[in-house]
S.K.: 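The structure's right below; bear with me while I get my questions together.
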Amino acid sequence: MSRQQQNPFDDLLSDNPHPNQHTTQDDPFGDDEPNLFSPSGATPYGQGARSGAGGGSSKPQQGYALDPFFDDDDEYGGGGQSSGYMAPQSSSTVNVNRSFGRSDPSLLESHMPLAQSGAVPAGFAGPPDDKQYHPTSSTSKAYGMGGGDPFDDDIEGPSAYAFSAPGSGPYAAQKKRSRWQRIREDHLTDVDWTFGLNKMLGRRGKFDGVPREISLNDAEGNRVKGYEKNSVTTGKYGPITFLPKFLFAEFSRSANLFFLFTAIIQQVPNVSPTGRYTTIVPLAVVLIASAFKEIKEDLKRHASDRSLNNSTAQVLINQAFQPRPWRRIRVGDIVRLEANAFIPADMVLLSSSEPEGLCYIETANLDGETNLKIKQSHPSTATLTNPQAVSLLRGHLLSEAPNSSLYTYDGTFHLSSTHPGAAPTKIPVGPNQMLLRGAQLRNTEWVYGVVVNAGHETKLMRNATDAPVKRTAVERQVNRQILYLFVLLLILSLVSTIGGSIRTAFFNNKSWYLRLAGESPNKAKQFIEDLLTFIILYNNLIPISLIMTMEVVKFQQASLINSDLDMYYAPTDTPALCRTSSLVEELGQIAYIFSDKTGTLTRNEMEFRECSVFGTMYAQTVDDNKREMGQKTFETLRQRCMEDNEEGATLREFLSLLAVCHTVIPEEREGKMVYQASSPDEAALVSGAEMLGYRFHTRKPKSVFIDVNGQSEEYEVLNVCEFNSSRKRMSTVVRGSDGRIKLYTKGADTVIFERLAPDQQLTETTLVHLEDYATEGLRTLCLAYREISEDEYAKWSMMYDNAAAQMHGRAEALDKAAEVIEQNLILLGATAIEDKLQDGVPDAIHTLQQAGIKIWVLTGDRQETAINIGLSCRLISESMNLVIINTETATETSELLNKRLFAIKNQRMGGDVEELALIIDGKSLTYALEKDCADVFLELAVMCKAVICCRVSPLQKALVVKLVKKSTDAPLLAIGDGANDVSMIQAAHVGVGISGVEGLQAARSADVAISQFRFLRKLLLVHGSWSYQRLTKLILYSFYKNITFALTLFWYSWFNDFSGQISFEGWSMSYYNVIFTILPPLVIGIFDQFVSARMLDRYPQLYQLGQTNHFFTPVRFFYWVGNAFYHSVVLFLFSVLVFYNDLIASDGKNSGLWVWGTTLYLAVLLTVLGKAALISDVWTKYTLAAIPGSFVFTMIALPLYAIIAPLLNFSLDYKGIVPRLWADAVFYFCLILFPVVCLLRDYVWKYYSRTYHPTSYHIVQEIQKFNLSDYRPRQEQFQKAIKKVRATQRMRRQRGFAFSQTETNDQDQTRLIRAYDTSVARPSGY
């Protein structure tokens, strides 16, 4: 190895550092004076030095032992140079445990005066703080007239030739932090000291777009640069931003804006007929209630953030790793992670427990991929495997500016040389060394990494954009309906104002008793004032409590979701969590579901289920349906394997192939073998071989060892022909213990069968078994082998070596070489692996499809894998016809889409409506999403019952959702579990994240988090349907009760000559909404159930009521408005008839306005409460408290108020009314008669519609009430036979295979497995 290629840390880490042998010949001056630069005459700084002449003790001198004639080419040192960060002392080993304190390890003391007063080597800048080493002024000028670096080419940062010690550096001499600074920076790291202001204003960080220079082992230097903290927050509000953001959100609602306008105009003198505060006080109550709800929800988000920020990791502090919470990790910290730990920040890998700095990373949280990604540190840092060694790392890391790209990274280590004055070593680092926050360390005991991005500057958080403000379809419709009511309000106000103007013009002179004759007001001003008066008078037409009631109801519906035990997952102690309660009703209207596959539908677990060898099927337990096909147990396989016949030999070869042909690394933990593999399929196959008696236990660079029936067998691995997506197979050339060379091959049946030798008897039988496995959704592989002669191998080996040595086209050359030897194979059998689905996924998908929901799966897996999962989870049924789009160019994609669409349209015009499933790969999807093809693609996709998009990127997922969202008004739901699903989740109307694993970004960015896909069934069919039906009933009822109340005031205006006089006391008008009728809408919205949960799950077709917006159509809205119109007319006319000649009291006094008005007020109240009782589907104790209870409360509270308020000079209109009204029999007669007359029509109509024109839910309600049996015909056996035939026919054309290994251009599997020697103990990292 050349000097330039040497690892600068080799001498530091080796057991025997290079000895320094200096002789007089090394003296550059050629005299006999002692060598001033020899380490024998120097001691480390801080230790005493002997005097050279007298031998007595003297004050230690300070200086340098440097070669003034250093050469840049000698930066790694040679045999005759001092190496390491410190020159060695008398001992041959470096004392790495020694603390340097403030000393510089590269600076040595000498007792010789010349070493202190000698000239500084050319280009050496000297220590940063000169005076600490040379307190006298004369020596302080020894470093090049002021210590400047003559070779400093205006480059920022440390001098290229300066070497800083631990604790030194440009920031070492700065003032110590105050106690408050220490508390703030060490313990209050998760506090946002801008209180959310920067986030609200969208201020960019000072490091945005700026590459960063990160000092190594210099915590103080990195701290003062002010890099981002590692604490993260996903909260919506801060202490300062809460008020502006909350008020903006609230007043973006048209109802609140209207009431704010009403409250303002009430402050105009002589305009408001109801007082100045009758609107602003209820509005304030509504806003305060909404604020409490928002604060409570946001506190949950902050609590979740604190839990994550307090997760612990080990950080290097004073040459030892100490646990620290994530929030205290800083840029530049060196962090140790152990197996299965989540990565707390973006880090550059320094070293690991594995050979050559390798480690395995699972990025399912980031991109949903189950395959483990292989990362490898740079060879220069891979040997730093203990805290003492890594603490000696000096220099800086020049890192790219923080960005959101998950798959790229550029940086360069500038490592200070172990020799003073030498140029720093530059080490490039890239994506292969980058460990991203949110990923998980797998199959690796430990790794060291240096933090480069923390907190919100990590790539994960950069991808987690702020969730968009989502408005539901119901909420948008409510805004339109409020607009309709506002128009109605203006019409009523204009009619009343015009009527008032006419009265004034024609009858003003006759109203002499009003003493208006002397006044001549401005008519325009009077018209505007009258208009504002009537707007205030009729403002109850729009319910002021509606928005608050909706918010409270949604919050309670979300709480019901959170507390549902049916959606609680005990293994991970994870309940459902509705993070955004404002979208609950949208869950009842979903038309499309966009789902990720890995981790969402599947468990990320593979299991060896079945195999076929020598024409016989084997399984763990025999299936009754396959018993007649000759299926045997694995125990039978083990017994037959011992037999000395052809079948036994085939079985032994089959199991040997499983145990040898792979890239798995074995590791024994607690007496159990654990297999590390980048592909979960391979680990399952090797585990299957172990279960069948062939235990793989050791891998060495050139061989593998397996244990067969207690005897260890060695196989020499000669060559590995790697798997890739075009080859669809993997081969290994091995030499067995008997000396024979064999080729073991495994891969997809389509490629293996092409390469079999002719006339093999087992081919047809194995093919039948493969089709049977594939129909069950299992992932299959075919296994084959052949023996190779020594001569043939020698010739082929030369061809393989030549291909491997090519600089260009190496992969293609290796594939061609493999083609030569992978011929005339002998079929051994087939394997079947189950990619385990989450529990209940098939039933959930089937039920959701019955509910009319179309499900699209967007996955990064390859086409065959996705189709297999689609079949096993019942997304694709056996009766569906597959439409596969797999093209290479935009033109081909466009032609194929148009061709398929034309054929399907013609087919359906002919009356053949066949169920379709569309399969499209990532490249074709790229072209299909372009403007020219998008409409055709969407039209074709919408015709299909299921769509599977394979090999899609995170951006494509979001684009697909946005394409469908743009073309349809139907609500869309996206569900995923990884950070790559966040954009899709945020693009959909409702985002659902799979939770249960700490640190999952999708669950944190979603509107609802559940731990299992199957919970989506109850979430949508039950909670969604209930929430939608409850909320729409609440809204329509709220409109009804307010329109009924407001129209009685309008009818009264015709009787008072449009004077603006009110018939109800002013404050009582406000109490109507916020006190007396507040409970019925709340109880209906929270507890009402139009159908039970069991029935909604049993009849998923009921979900289509929400999809078609059955309960909230414009027709239904205007029906409720018409009903309110009818009730207001009946109530007003009956009250006028009863009080036509006024009711004379027993004392001879008139009843007056307030007696009549209060009677009408209570009659209206009882009527709307009766309507609430009529529309309630379920009566609970809360319903009783809300409906009859509200009237009882009013009959008690209103007279008490009418007695007490006038005594407080408040509501004087009620003075003396209680004894007059509550003692009159006519009053009670009105309260009974008026509501009965009004509601009689409603009851008759309800009876007629349910009896003669029932809807689907009416029938289900009858089934539920009378517990009727369901006599739906069942044809399961016949349907099962038909499905089997169709599935077999399709599987002949399309079959998946079990291989999901990562393909990269940078990682060579052959090199990877040859790096391991599992018989050698790995470093502990301590």
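Along the sequence shown, residues carry numbers from 1.
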S.K.: Using salt bridge (Lys or Arg N to Asp or Glu O under 4.0 Å), reason through Glu834 and Arg779 one step at a time and then give a plain yes or no.
M.R.: CA-CA 6 Å; Glu834 180 186 15; Arg779 302 174 65 166; over 6 Å; no

S.K.: Before accepting this row, confirm whether a basic side-chain N of the pair Arg579/Asp1007 lies closer than 4.0 Å to the acidic partner's carboxylate O.
M.R.: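 A salt bridge is absent here (no side-chain N lies under 4.0 Å from a carboxylate O).
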
S.K.: Against Tyr1257, only a single residue in Tyr1103, Phe1111, Tyr1099 fulfils ring pair (Phe, Tyr, Trp, His ring centres under 6.0 Å); can you say which?
M.R.: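 Between Tyr1257 and the candidates, ring pair (Phe, Tyr, Trp, His ring centres under 6.0 Å) is satisfied uniquely by Phe1111.
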
S.K.: For Arg1116, what residues pass the side chain to side chain contact (heavy atoms under 4.5 Å, CB included) criterion, not counting sequence neighbours?
M.R.: Leu1036, His1110, Thr1113, Trp1120

S.K.: Got a salt bridge between Lys945 and Glu914, using NZ or NE/NH1/NH2 to carboxylate O under 4.0 Å?
M.R.: no

S.K.: Side-chain donor-acceptor pair under 3.5 Å between Ser924 and Thr893, yes or no?
M.R.: no

S.K.: Not counting sequence neighbours, which residues clear side chain to side chain contact (heavy atoms under 4.5 Å, CB included) with Ile904? List them please.
M.R.: Val883, Arg908, Leu916, Leu940, Met943

S.K.: Report yes or no: do Thr926 and Gln956 form a side-chain donor-acceptor pair below 3.5 Å?
M.R.: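 A pair is found: one side chain offers a donor N or O, the other an acceptor, under 3.5 Å apart.
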
S.K.: Identify, with sequence neighbours excluded, every residue that meets ring pair (Phe, Tyr, Trp, His ring centres under 6.0 Å) alongside Phe753.
M.R.: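 Phe753: no ring pair (Phe, Tyr, Trp, His ring centres under 6.0 Å) contacts found.
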
S.K.: Could you check whether any side-chain N or O of Arg627 sits under 3.5 Å from a backbone N or O of Asp623, counting only pairs where one atom can act as donor and the other as acceptor?
M.R.: no

S.K.: To check you understand the geometry: which heavy-atom pair defines the closest contact between Leu858 and Val952, and what is its length?
M.R.: C-CG2, 4.0 Å

S.K.: Going by side chain to side chain contact (heavy atoms under 4.5 Å, CB included), name the residues that satisfy it together with Thr765, two or more places apart in sequence or in a different chain.
M.R.: His769

S.K.: Using distance alone, with no hydrogens and no angle criterion, decide if Ser1027 and Glu585 have a side-chain donor and acceptor under 3.5 Å apart.
M.R.: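 Note: Ser1027 and Glu585 side chains miss the donor-acceptor criterion.
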
S.K.: Distance-only criterion, 3.5 Å: show the donor-acceptor pairs between side-chain atoms of residues 927-939 and protein atoms not counting sequence neighbours.
M.R.:
unit_1: Tyr927; atom_1: OH; unit_2: Glu888; atom_2: O; d: 3.2
unit_1: Glu939; atom_1: OE2; unit_2: Lys905; atom_2: NZ; d: 2.8

S.K.: Which pairs would a plain distance check flag for residues 966-975, meaning a side-chain donor or acceptor within less than 3.5 Å of a matching protein atom at least two apart in sequence or in another chain?
M.R.:
unit_1: Ser967; atom_1: OG; unit_2: Leu963; atom_2: O; d: 3.3
unit_1: Ser967; atom_1: OG; unit_2: Val964; atom_2: O; d: 3.1
unit_1: Thr968; atom_1: OG1; unit_2: Ala970; atom_2: N; d: 3.1

S.K.: Assess whether salt bridge (Lys or Arg N to Asp or Glu O under 4.0 Å) is satisfied between Lys1018 and Asp564, documenting all intermediate values.
M.R.: CA-CA 10 Å; Lys1018 186 169 188 183; Asp564 191 339; 3.0 Å; yes

